[in-house]
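Structure record follows, encoded as structure tokens.
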Amino acid sequence: MIRVAIANQKGGVGKTTTAINIATAMAATGWKVLLIDLDPQGNASTGIGLSADERERSSYDLLVDQLPLSECVVQSRIPGLDVLPATVDLSGAEVELVAVENRTERLRNALSASSDYDIAFIDCPPSLGLLTLNALCAADTLLVPLQCEFFALEGLSQLLQTVERVQQRFNPDLGIIGIALTMFDRRNRLTDQVSDDVRSCLGALVFDAVIPRNVRLSEAPSHGLPALIYDHNCTGSRAYMALARELITRLPEKRKAA
């Protein structure tokens with residue numbers, strides 16, 4: 001199973017929207033996909049259509065009580081896509097795990113015991129705390145959604161430093177599969193400037209596909225649907241399909257045909 005963490009400690013950059021729609025696109029192409037909601041707000045779970053009643057078990061039970069992954073996962077309405085949901089209980093997990101031995105390894109150990117999926121996407125909270133650290137330790141690679149604004153660039157440098165520390169101390173195999181530019185507005189000159197700066201600094205690491213500002217992307221979660229199902233023909237959906245195709249080409253060759 002390939003494990004992709006979707007992380008950026010800055011909030012509101014499109015992490016959850018990216019996680020939901022990339023996971024949906026991969027499932028639509030025949031991959032067996034697991035979407036892991038590691039954010040106490042539970043937005044990925046809500047956006048995929050899981051009500052609070054459907055979250056009897058969650059990522060909290062997996063990390064804190066160490067229940068098997070198979071007991072915590074819920075089938076979504078999208079064929080081929082299962083979800084490890086999150087509840088507000090997860091907000092206490094960082095405190096409860098502070099004194100626990102191997103606290104950064106909880107998610108990695110749980111995922112290593114499962115061979116039911118081709119790929120897992122981990123939606124991280126907007127912080128660099130213990131939950132995100134668990135995700136980075138468990139992941140094979142990292143996908144970074146980056147909003148096209150100045151402050152996002154500062155946050156990116158902090159994230160890259162964190163990745164370097166994780167590589168040195170916990171997960172030497174962690175790589176970055178790409179930077180996805182989100183909330184792209186061609187009417188705004190700053191957007192083009194930030195995009196040019198990121199591409200000049202990081203080159204081929206930045207995905208060619210960019211995610212535009214799009215009303216349909218914002219509307220879809222309120223209907224409990226990924227944008228790809230809510231309106232598969234809107235510009236946002238088409239952009240995420242292009243991003244998914246590009247992501248597949250960057251995955252390890254031996255696993256593309258999983």
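Note that these values count all heavy atoms, side chains included, but never hydrogens, waters or copies made by symmetry.
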Give a yes or no answer on whether the side chain of [X] reaches the backbone of [Y] with a donor-acceptor pair at less than 3.5 Å.
X    : Y    : result
S127 : Q9   : no
D39  : Q41  : yes
E246 : A209 : yes
K32  : L81  : no
D61  : L67  : no
R199 : F207 : yes
R250 : I177 : yes
S58  : R55  : no
R77  : G49  : yes
T104 : L133 : no

Under a 4.5 Å side-chain heavy-atom rule over Ile, Leu, Val, Met, Phe, Trp and Tyr, are [X] and [Y] clustered together?
X    : Y    : answer
L90  : V88  : no
M183 : L202 : no
L205 : F184 : yes
V13  : L217 : no
V215 : Y230 : no

Closest contact, heavy atoms only, [X] versus [Y]:
X    : Y    : result
F170 : R108 : O-NH2, 3.0 Å
L174 : A139 : CD1-O, 3.8 Å
H232 : S237 : O-CB, 3.5 Å
C137 : N171 : O-ND2, 3.2 Å
P125 : P40  : CB-CD, 4.2 Å
S76  : V83  : CB-CG2, 4.0 Å

Contact between [X] and [Y] at the side-chain level, heavy atoms closer than 4.5 Å - yes or no?
X    : Y    : result
V33  : F121 : yes
L131 : C124 : no
R3   : L111 : yes
L84  : V74  : no
D123 : L38  : no
V4   : D140 : no
I248 : W31  : yes
L247 : L243 : no

For the atom pair [atom1] ([X]) and [atom2] ([Y]), what is the distance rounded to the nearest 0.5 Å?
X    : Y    : atom1 : atom2 : answer
T17  : I211 : OG1   : CD1   : 10.0 Å
I176 : L143 : CD1   : CG    : 10.0 Å
N109 : N102 : CG    : CG    : 7.0 Å
L136 : I122 : CG    : CD1   : 8.5 Å
M241 : T29  : CE    : OG1   : 11.5 Å
I6   : L35  : CD1   : CG    : 7.5 Å

* Scan N134, L62, L130 and name whichever one has a side chain to side chain contact (heavy atoms under 4.5 Å, CB included) with R106. =>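 Per the side chain to side chain contact (heavy atoms under 4.5 Å, CB included) rule, the option paired with R106 is N134, out of N134, L62, L130.
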* Candidates N214, I22, T24 - the one meeting side chain to side chain contact (heavy atoms under 4.5 Å, CB included) with Y240 -> I22
* **Residue pairs passing the ring pair (Phe, Tyr, Trp, His ring centres under 6.0 Å) test where at least one lies in residues 39-83, sequence neighbours excluded** =>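 Listed by first then second residue: nothing to list.
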* To do: Could you tell me whether D231 and R216 have a side-chain N and a carboxylate O separated by less than 4.0 Å?
  =>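 Looking at R216 together with D231, the answer is yes, because their closest N to O distance falls below 4.0 Å.
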* side chain to side chain contact (heavy atoms under 4.5 Å, CB included) between Q147 and R213, intermediate numbers included -> CA-CA 10 Å; Q147 186 179 359; R213 285 193 179 275; 3.4 Å; yes
* Using only heavy-atom distances, determine whether the side chains of S45 and D37 contain a donor-acceptor pair under 3.5 Å. =>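 Indeed, the side chains of S45 and D37 share at least one donor-acceptor pair under 3.5 Å.
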* In this structure, are over 12 heavy atoms from other groups packed under 6.0 Å from E54 atom CD? -> yes
* Asked: In terms of heavy-atom contacts, does CD of Q75 have more than 12 from other residues, nucleotides or ligands at under 6.0 Å?
  -> no
